[in-house]
Enquirer: 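Sharing a structure below in structure tokens format, with a few things to ask.
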Amino acid sequence: MTARYYFFLLLLTFSTAFSPIFAQSKADKKVATQLRADITYLASDSLEGRRTSTEGERKAGDYIVARYKTIKISPYKSDYKLPFHFVYGKEIAAGTQIRIGSSTLQLKDDGFPLPFSASNHATGDVMPDILEQGNIWLVPLYTNQDQSTDPHFEAEKFMYEKAKEEAKKGASGVVFYDNFGGSFPPAFDRHSEYEPLDVPVIYLSNTTYQKYFSAATTDKGPVNIDLNITINKAERTGTNIAAYIDNKAPYTVILGAHYDHLGYGEDGNSLYANAVKEHKIHHGADDNGSGTAALMEMARAIKKNKKLKHFNYLFVHFSGEELGLYGSKAFVKEQGIDSAHFAFMINMDMVGRLNDSTHSLTLGGVGTSPAWNDVVDMAGDDFKLNIDSSGVGPSDHTSFYYANMPVLFFFTGSHKDYHKPSDVADAINYPGEVAIIKYIERVVAKMDKENKKPEFTATKQKSTGKSSFKVTLGIMPDYTFESGGVRIDGVSDNRPAIKAGLKQGDIITKLGDIKINGMQSYMEALSKFKPGDKTKVVFTRDGKEMTLPIELSK
Ligand SMILES: [Zn+2]
């Protein structure tokens, strides 16, 4: 489960009306034993937290592929493994060099280019007591000592705004330096939302500043600074795994679960303080060893059940989920998943922590098809359901909802070990997970028996409460798009964008007179309007530039 939306899903309800333990048949016990074996391996130390694009992800993938071979289910395409490439923020390119006098700096400790730096070359002589002059402008980071110990001082924001201003005033390069030995020195923020400026911008540590610009050094005259900067998009590769039962049916059902997790927390998504420093493995037994094991078990059961013939069945294990649903997005796009050939999608993400006293189970996507009303009834007395009607949630079903497919999302809820090293295999409720699998198998059997593609309905977007703007367009931006403008990943019903005629895939480049280069300028543009304002939106569709009138609303 991704952390970005996680906090909107705290849907805890309590009930005491349930029997504490599910009765288990011999077959159930066999399933529970298999789940335990799968989750224990997936969450073991040797997989190192299954972080996307690591050896741990590869080992987990090999294990999943081997299981499909054992249960004799073929790959979806020529290979079970389907690698995908994506851009994950920015990085300092190899070859980037900062020189002061005749020394070359150690990037990171001595200083580094900022993520919004231009990728080009600038050089000039500077004196520390002569600010804002010549080619390269020297700018102190802090205005006073107090600010250098203030955890709320937004160094990156300050540097971006100041550098933008200095470039406008004529600087061809901007060098910020830590003038006080601050308590919270800036780091290279790979996910910085600030767009590139026109000039190179770097930060120097206090030590570097003292070394090259102390009174003794500068007595000898000006110091040459040479900036040769390249900031790149960081390319990463993940691997989805897909297996397929082809019943020669007109429609295919997709069952999915992500198998990637946080590794040691290197991507910044751990909720355990000091995770990276202490080099702690995030085992990810519930998130999402549980869904991975459940999916393999369901595949085995569906393969065995000869009555299930009216749909084809596609089982997909996604990677890149924890970084922002990259695997499922890539799968939908690259495998041409569309609502014309695919009936519905069921997603399992964190199904291993059923509470034995409440039996509380979150069922998401209920509003995406009228067919799901029956699914709610089918829970019977086994579960106390928390219904979430939205097709948009913190996991991979969202990507299929945006492809106009009915979706269902199963989730046993959050817990104190969420995104921490303590999410381990021993804490899984195996009989509880078996009960959830049986529930989902009942749903699949019912849908297959009815032999009908369920109708899709769009759901209202839940307000995230995050937006501080007076107006919004009602779009889901593609946060991975970094080629100028804001690409629309989805549009909400009854909101300004859809009313104006905007569609998924359109790239917004201008709102009113404000040019939009990316998320940063998009948000700046929104802040300029109030509800009821009428303006025009410029966008690119299929390579052609178009303009439409739009009325903005809250
Ligand atoms: Zn997660």
Side-chain angles (χ1 to χ4, degrees), residues 1-12 38-39 42-44 47-54 56-57 60-61 64 86 88-89 191 236 238-241 256-273 275-276 280-295 316-331 346-354 361-362 364-365 388 392-400 407 409-425 427-429 433 436 464 479-480:
M1 174 151 317
T2 45
R4 195 194 295 162
Y5 309 102
Y6 162 72
F7 293 101
F8 312 123
L9 255 193
L10 297 171
L11 308 160
L12 295 176
D38 290 343
I39 295 172
L42 292 166
S44 66
L47 271 63
E48 296 178 283
R50 311 185 305 278
R51 179 171 166 246
T52 301
S53 15
T54 67
E57 178 208 32
I64 294 165
F86 61 103
Y88 191 65
H191 296 297
R236 273 172 82 165
T239 302
N240 292 324
I241 294 161
H258 79 88
Y259 73 99
D260 65 303
H261 194 53
L262 314 186
Y264 294 92
E266 299 95 321
D267 295 311
N269 39 16
S270 171
L271 292 176
Y272 179 85
V276 180
K280 295 254 193 193
I281 293 171
H282 292 65
H283 297 88
D286 183 31
D287 185 10
N288 187 27
S290 65
T292 308
L295 182 55
V316 195
H317 296 264
F318 306 105
S319 187
E321 193 274 349
E322 300 286 12
L323 303 175
L325 317 184
Y326 288 93
S328 53
K329 276 189 205 171
F331 190 82
I346 290 180
N347 182 30
M348 292 165 286
D349 191 356
M350 299 173 67
V351 290
R353 291 278 191 126
L354 190 75
L361 177 67
T362 293
D388 177 6
V392 176
S395 188
D396 294 306
H397 57 286
T398 306
S399 306
F400 294 84
V407 296
F409 166 48
F410 292 82
F411 168 48
T412 46
S414 129
H415 46 78
K416 66 178 191 339
D417 303 315
Y418 171 75
H419 278 203
K420 291 181 188 158
S422 48
D423 178 6
V424 295
I428 297 295
N429 179 349
E433 183 164 337
I436 293 166
T464 62
Y479 290 99
T480 67

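Counting starts at 1 for both ligands and their atoms, following the listed order. Computed over heavy atoms, backbone and side chain alike; hydrogens, waters and symmetry mates excluded.
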Enquirer: Applying side-chain contact (heavy atoms from CB on, under 4.5 Å), name anything that partners Asp417, two or more places apart in sequence or on another chain.
Expert: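 So Asp417 forms a side-chain contact (heavy atoms from CB on, under 4.5 Å) with Arg353, His415, Ser422, Asp423.
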Enquirer: Hey, does Thr52 have a side-chain heavy atom less than 4.5 Å from the side chain of Phe86?
Expert: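 Heavy-atom side-chain distance check passes, below 4.5 Å.
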Enquirer: What does the angle at the Zn ion (ligand 1) come to, between atom NE2 of His419 and atom OD2 of Asp287, rounded to 10°?
Expert: 90°
Enquirer: Can you find a heavy atom in the side chain of Tyr259 that is under 4.5 Å from one in the side chain of Glu57?
Expert: yes
Enquirer: Suppose we only count N/O/S atoms under 2.8 Å; would Asp349 qualify as near the Zn ion (ligand 1)?
Expert: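 Within the cut-off used here (under 2.8 Å), Asp349 places no N, O or S atom near the Zn ion (ligand 1).
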Enquirer: Check whether any N, O or S atom of Met1, backbone or side chain, sits closer than 2.8 Å to the Zn ion (ligand 1).
Expert: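 Checking the Zn ion (ligand 1) against Met1, an N, O or S atom does fall under 2.8 Å.
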Enquirer: Look at the aromatic rings of Phe318 and Phe400 and report parallel, tilted or perpendicular, splitting at 30° and 60°.
Expert: tilted
